[in-house]
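Here the structure comes first, spelled out in structure tokens, and everything after it is commentary.
Fair warning: this is a prediction, and the values are worked out from it, not measured in the lab.
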Amino acid sequence: MGARLSGPGGNGGATIDQNADINVTPFVDIMLVLLIIFMVAAPMATVSLKMDLPPPDMESQPREPVYVSVHEDGGLWIGDKQTRMATLAADVCAATGRGDACRDERIFLRAQPEVSYDRFMGVMNGLKGAGFNEVGLLNEDIG
């Protein structure tokens with residue numbers, strides 16, 4: 001901010017005019033210095049890690065999921081084949097087609113709306129007791 005103390009006629013301070021212009025030059029200088037600092041510091045912040053990732057599992061076709069259905073008449077179905085509670089674990093392993101690794105597969109359990117809760121939980125507990133820890137529950141909208 002500046003002031004003019006004397007006019008061109010030399011009348012010694014008869015009028016004082018103020019200059020209200022903002023001097024942005026120091027602001028621009030500071031911004032350029034900060035820009036250079038950030039440009040130099042940014043590549044130092046990146047860190048590279050060497051990782052040995054396992055190769056992807058290249059299956060030709062994904063496996064079909066195994067659905068266990070509990071019907072209102074007491075029937076127990078694996079896909080489109082009827083089974084019994086006594087042979088449920090063996091039939092589920094046969095349906096997965098993975099042999100000894102069948103208990104690592106996810107099994108989907110669904111029931112018709114009229115099935116009682118204790119019947120449904122009996123089938124789910126039977127699967128859990130046989131070693132099937134990946135049991136998914138399915139719900140279908142009615143109506």
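- Listed here is the closest heavy atom pair of Glu134 and Arg106: OE1-NH2, 2.8 Å.
- Taking a 6.0 Å sphere around CG of Leu32, one finds it holds more than 12 heavy atoms contributed by other residues, nucleotides or ligands.
- Separation of atoms CG (Asn125) and CG (Asp118) is listed at 11.0 Å; rounding is to 0.5 Å.
- The 12-atom threshold is not exceeded at CD of Glu64, counting heavy atoms of other residues, nucleotides or ligands nearer than 6.0 Å.
- No path of Ile, Leu, Val, Met, Phe, Trp and Tyr side chains, each step under 4.5 Å between heavy atoms, connects Val24 with Ile30, placing them in separate hydrophobic clusters.
- Annotation: side chain of Leu76 is not in contact with side chain of Arg84 (no heavy-atom distance under 4.5 Å).
- Panel note: side chain Arg103, backbone Asn133; no donor-acceptor pair is recorded below 3.5 Å.
- Between atom CD1 of residue Ile36 and atom CE of residue Met31 there is a gap of 12.5 Å, rounded to the nearest 0.5 Å.
- Contact detail for Arg119 and Gly74: the closest heavy-atom pair is NH2-O, 2.6 Å.
- To the nearest 0.5 angstrom, Leu138 atom CG is 8.5 Å from Ser69 atom OG.
- Atom CD1 of residue Ile78 and atom CG of residue Leu88 lie 5.0 Å apart, to the nearest 0.5 angstrom.
- With hydrophobic clusters built from ILVMFWY side chains whose heavy atoms lie under 4.5 angstrom apart, Met121 shares a cluster with Val115.
- Counting heavy atoms of neighbouring residues, nucleotides and ligands inside a 6.0 Å radius, atom CE of Met39 does not exceed 12 of them.
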For a side-chain contact (heavy atoms from CB on, under 4.5 Å) check, start with the C-alpha distance between Phe120 and Leu137, then their side-chain angles and the critical distance, and finish with the verdict.
CA-CA 11 Å; Phe120 178 77; Leu137 304 178; 3.6 Å; yes
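- Taking CG from Asp91 and CH2 from Trp77, the interatomic distance works out to 12.5 Å, rounded to the nearest 0.5 Å.
- With Cys102 as the fixed residue, the side-chain contact (heavy atoms from CB on, under 4.5 Å) test singles out one of Thr96, Val92, Val66: Thr96.
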Between Phe132 and Lys128, is a side-chain contact (heavy atoms from CB on, under 4.5 Å) present by the stated rule, with each step listed?
CA-CA 5 Å; Phe132 294 98; Lys128 291 278 191 172; over 6 Å; no
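- The shortest side-chain heavy-atom distance between Tyr67 and Leu109 does not fall under the 4.5 Å cut-off.
- Formation of a donor-acceptor pair under 3.5 Å by the Gln112 side chain with backbone atoms of Glu72 is found in this model.
- Two different hydrophobic clusters hold Leu35 and Val28 under the rule that ILVMFWY side chains link at heavy-atom gaps under 4.5 Å.
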